[in-house]
K.L.:
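This structure is in structure tokens; I'll ask about it shortly.
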Amino acid sequence: MALGSGAGRLRCAGALLVSLFLMASNCYATTPDTSPALLNRPPRVLILYPYDERIAATTAAGEALRSRLLEATDGKIDLFSEFLDLARFPEADHAARMGRYLTEKYAARRPDVIVALGKESASFISTNRGRIAPNAKIVAAGFGNSTAENIDLPDDVIGAFTTFDILKTAEMARGLQPNARHLYIIGGSSEFDRGWLATARADLDEFSKSYETTYLENLTIEEFIERAAHVPSDSIILALTVFKDRAGRNFIPREAIRQIAATASAPVYGPYQTYIDHGVVGGNTVTFDTLGQTVGNLVIDVIAGRPVSDVQAPQTNIVDARQLRRWGLAEGNLPPGTVKMYRAKSLWEEHWLAATGVLGVVLMQAGIIVALLLERRRRQDAESRSRLHLLEAVHLNQSATAGALSSSIAHELNQPLSAIRNNAEAASELLRSGNPDRELIQQILLDIQADDQRAGDIIGRMRGLLKKRREIDWQVFDLNDVASSAIRIIHGDAERRGITLNTNRPASELPVRADKVHVQQVILNLATNAMDAMMDADSAKRILTFATGIEKQRVELCVVDTGNGIPEERLSSIFEPFYTTKNAGTGLGLSISRAIVETYGGTISAYNRPEGGAIFRVVLPLARREARGA
Ligand code: ADP
């Protein structure tokens with residue numbers, strides 16, 4: 001307890017003396033004309049540490065002070081540190097030597113402010129300030145008001161005083177152990193220890209009335225350990241200081257307390273930060289960090305030339321979370337704002353950065369997935385809209401084809417209908433005769449049936465051509481069948497126009513998966529165009545050939561004519577809409593045909609034959625046989 005050894009505030013010191021001391025020092029203010037703020041260079045601050053650099057209490061406070069100063073001045077400050085090593089070299093000679101050494105060392109760089117940490121540093125600088133830095137402002141920190149009186153701190157030295165209040169530590173213990181019935185207070189045998197015990201007796205006078213209270217004093221270290229190990233479990237143990245035991249053995253208090261707390265049968269509390277990590281649950285204290293911040297603020301005010309006065313470093317409740325767990329004490333019973341040390345971080349606290357990162361990535365992925373789903377939905381909508389448009393266009397195209405073929409169809413229909421009428425008249429003639437030939441009548445009726453069937457087929461084909469479709473009727477069918485049905489439709493027209501129809505088809509099936517009526521429409525478009533293109537040709541040479549075949553995984557259909565062919569410059573753009581050379585043409589037949597073929601994953605292309613005439617080639621994917629009828 002390096003800093004604590006000089007830091008116990010003994011509240012038994014006379015209130016009057018304290019008040020007088022405070023009155024004297026509170027009136028102090030830096031005079032503006034000597035303020036470091038007016039200097040044309042960074043201010044110089046010398047921090048005096050009483051011991052060597054390994055003593056945690058002073059170095060921790062010093063580090064907090066340095067950070068505060070660097071932060072407040074944006075690094076524009078000259079900081080110096082000196083470790084006086086006064087514990088290991090308590091001789092007056094050493095202090096005098098250090099005084100001379102520092103006087104010479106800082107001859108060219110006299111500090112503007114000197115911070116003396118601990119009472120030994122404060123005593124040292126009080127003696128040597130005239131030589132080391134006669135004009136420097138002195139800030140002393142890390143001990144109580146009464147110590148300031150004991151060492152006769154000069155009036156113009158500003159104090160950042162620390163108070164160690166055992167009552168507040170006791171209250172913290174009561175909060176954590178509301179069911180405790182016994183109170184033990186541990187204090188050593190040195191003068192300081194005994195002073196602390198006297199202060200505690202006064203401070204805990206009221207508090208201890210609620211407990212069966214025992215002061216463990218005048219004991220050897222072994223006796224302290226033994227007694228603490230056998231207190232009832234519903235006890236609170238308050239550890240003050242043990243610098244010396246009854247046998248006269250010297251201790252660093254935190255080491256003595258560590259031995260006692262290790263085997264104690266009830267929780268041990270103490271008013272020093274240095275006791276944490278030595279088996280003590282916690283207490284009310286001034287933390288090194290708070291002390292460093294408080295002194296830092298004082299120094300900043302001094303540098304800025306603002307009026308300053310003595311301050312009390314704020315006290316903090318501090319606990320060791322491991323000890324809370326050891327004794328099963330609830331965190332929820334701690335006073336608000338208690339600093340919890342060695343608290344195992346929650347999974348979130350430990351990995352919040354990684355967790356936030358992962359969460360971010362997951363959210364980003366979710367965002368992308370939602371965007372993709374929306375995009376897919378939009379695409380599907382667009383596709384279904386364009387399919388609907390295609391279906392409408394195909395229907396119009398079919399109607400136009402039906403219109404163009406209507407006279408030929410009517411003509412074709414005329415044949416079976418006339419035959420039916422003639423056969424019917426012949427049959428009734430026969431029936432009117434005296435001895436009707438029943439067999440002949442039977443034959444006539446069969447002919448009528450056959451002609452009716454033909455007429456029905458013609459009408460059925462027309463109905464298919466004119467039927468409006470809202471959906472694609474997917475099915476697997478033989479391309480040859482559809483080609484044959486198309487040929488039957490144009491058969492009458494071709495005959496009327498003096499065109500010979502040829503087919504060239506393989507014996508095998510050519511399965512494709514598409515809407516039958518659409519593929520038929522493509523063939524009809526190509527066939528009517530071919531027939532139109534041959535009208536200028538000699539009637540003997542008007543030949544329309546339908547050739548089907550299979551190549552690799554593709555099925556193909558070629559519609560070959562002996563017409564004029566396609567102008568070379570038009571070959572590449574023949575499928576663009578609105579190109580027509582016909583008076584009543586729309587220029588849409590080929591573009592609709594291409595849209596249909598591409599819908600079913602195929603291609604359509606046009607060539608000219610060297611011997612005259614055009615070839616239109618449709619290629620469609622071969623459907624798998626097992627998918628037939630699907
Ligand atoms: P339309 O038949 O209404 O003119 P299409 O898109 O079916 O519309 O045909 C566009 C044009 O392509 C036709 O007007 C014609 O000039 C030309 N064409 C189509 N097929 C042939 C063919 N077999 N031989 C020569 N020209 C053709």
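Numbering starts at 1 and runs along the sequence shown. Bear in mind the structure is a predicted one, so any value in this text is a computation, not a measurement. Each ligand, and each atom within it, is numbered from 1 in the order the structure gives.
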K.L.:
Would you indicate which of Thr528, Leu571, Leu590 comes nearest to atom 5 (P) of ligand 1 when only heavy atoms are counted?
P.N.:
Leu590
K.L.:
Just which atoms of ligand 1 are under 4.0 Å from any heavy atom in Gly589?
P.N.:
5 (P), 6 (O), 7 (O), 8 (O)
K.L.:
Taking side-chain contact (heavy atoms from CB on, under 4.5 Å) as the criterion, tell me which of Thr316, Val339, Val295 meets it with Thr290.
P.N.:
Thr316
K.L.:
What protein heavy atom sits nearest atom 20 (N) of ligand 1, and how far away is it?
P.N.:
Asn529 CB, 3.3 Å
K.L.:
Cation-pi between Arg44 and Phe80: NZ/CZ under 6.0 Å from ring centre and within 45° of the ring axis?
P.N.:
no
K.L.:
Would you mind telling me which of Ile318, Asn284, Leu176, Asn317 makes a side-chain contact (heavy atoms from CB on, under 4.5 Å) with Thr338?
P.N.:
Asn317
K.L.:
Donor-acceptor pairs under 3.5 angstrom involving side-chain atoms of residues 602-609: please list them, not counting sequence neighbours.
P.N.:
{"unit_1": "Ser605", "atom_1": "OG", "unit_2": "Tyr607", "atom_2": "OH", "d": "3.1"}
{"unit_1": "Asn608", "atom_1": "OD1", "unit_2": "Ile566", "atom_2": "N", "d": "2.7"}
{"unit_1": "Asn608", "atom_1": "ND2", "unit_2": "Ile566", "atom_2": "O", "d": "2.6"}
{"unit_1": "Asn608", "atom_1": "ND2", "unit_2": "Glu568", "atom_2": "OE2", "d": "3.1"}
{"unit_1": "Arg609", "atom_1": "NH1", "unit_2": "Asp561", "atom_2": "O", "d": "3.3"}
{"unit_1": "Arg609", "atom_1": "NH1", "unit_2": "Gly612", "atom_2": "O", "d": "3.2"}
{"unit_1": "Arg609", "atom_1": "NH2", "unit_2": "Glu611", "atom_2": "OE2", "d": "2.9"}

K.L.:
Among protein heavy atoms, which sits nearest to atom 8 (O) of ligand 1, and what does the distance come to when rounded to 0.1 Å?
P.N.:
Gly587 CA, 3.2 Å
K.L.:
Look at Lys541 together with Asp538 and state whether they make a salt bridge at an N to O cut-off of under 4.0 Å.
P.N.:
no
K.L.:
So is Ser591 polar-close to ligand 1, meaning N/O to N/O under 3.5 Å?
P.N.:
no
K.L.:
Out of all atoms in ligand 1, which are within 4.0 Å of some heavy atom of Gly585? Include the element for each.
P.N.:
3 (O)
K.L.:
Using heavy atoms and a 4.0 Å limit, tell me yes or no: is Gly563 in contact with ligand 1?
P.N.:
no
K.L.:
Nearest to atom 10 (C) of ligand 1, what protein heavy atom do you find, and at what distance?
P.N.:
Tyr579 O, 3.0 Å
K.L.:
Does a side-chain N-to-carboxylate-O contact under 4.0 Å join Arg68 and Asp289?
P.N.:
no
K.L.:
Report yes or no: is the cationic atom of Arg594 (NZ for Lys, CZ for Arg) under 6.0 Å from the centre of the six-membered ring of Phe575, at an angle within 45° of the ring normal?
P.N.:
no
K.L.:
Could you check atom 4 (O) of ligand 1 against the protein and tell me its nearest heavy-atom contact, residue, atom and distance included?
P.N.:
Thr580 OG1, 2.5 Å
K.L.:
Check ligand 1 against Leu588 and write out every atom of the ligand that is under 4.0 Å from a heavy-atom position of the residue.
P.N.:
6 (O), 8 (O)
K.L.:
Between Thr562 (side chain only) and Gly613 (backbone N and O only), is there a donor and an acceptor less than 3.5 Å apart?
P.N.:
no
K.L.:
Nearest protein heavy-atom contact for atom 2 (O) of ligand 1: which residue, which atom, what distance?
P.N.:
Lys582 NZ, 2.7 Å
K.L.:
Please identify which atoms of ligand 1 are closer than 4.0 Å to at least one heavy atom of Thr581.
P.N.:
13 (C), 14 (O), 15 (C), 16 (O)
K.L.:
Below 4.0 Å, non-hydrogen atoms only: which portion of Phe616 touches ligand 1? Side chain, backbone, both or neither.
P.N.:
side chain
K.L.:
Near Gln380 CD, under 6.0 Å, is it more than 12 heavy atoms from other residues, nucleotides or ligands?
P.N.:
yes
K.L.:
What protein heavy atom lies closest to atom 25 (C) of ligand 1? Include the residue and the distance to one decimal.
P.N.:
Gly565 O, 3.3 Å
K.L.:
So, regarding Ala533 and ligand 1 (criterion: nitrogen or oxygen to nitrogen or oxygen, under 3.5 Å), is there a contact or not?
P.N.:
no
K.L.:
Flag the pair Arg322 and Asp277 as a salt bridge only when some basic side-chain nitrogen lies within less than 4.0 angstrom of an acidic carboxylate oxygen.
P.N.:
yes
K.L.:
Tell me if a side-chain donor or acceptor on Asp515 pairs with a main-chain N or O of Asp473 at a distance below 3.5 Å.
P.N.:
yes
K.L.:
Give the atoms of ligand 1, by number and element, whose distance to some non-hydrogen atom of Thr586 is under 4.0 Å.
P.N.:
3 (O)
K.L.:
One residue to check: Ile574. Relative to ligand 1, which of side chain, backbone, both or neither has a non-hydrogen atom less than 4.0 Å away?
P.N.:
side chain
K.L.:
Tell me the nearest of Thr562, Ile566, Asp561 to atom 26 (N) of ligand 1, using heavy-atom distances.
P.N.:
Ile566
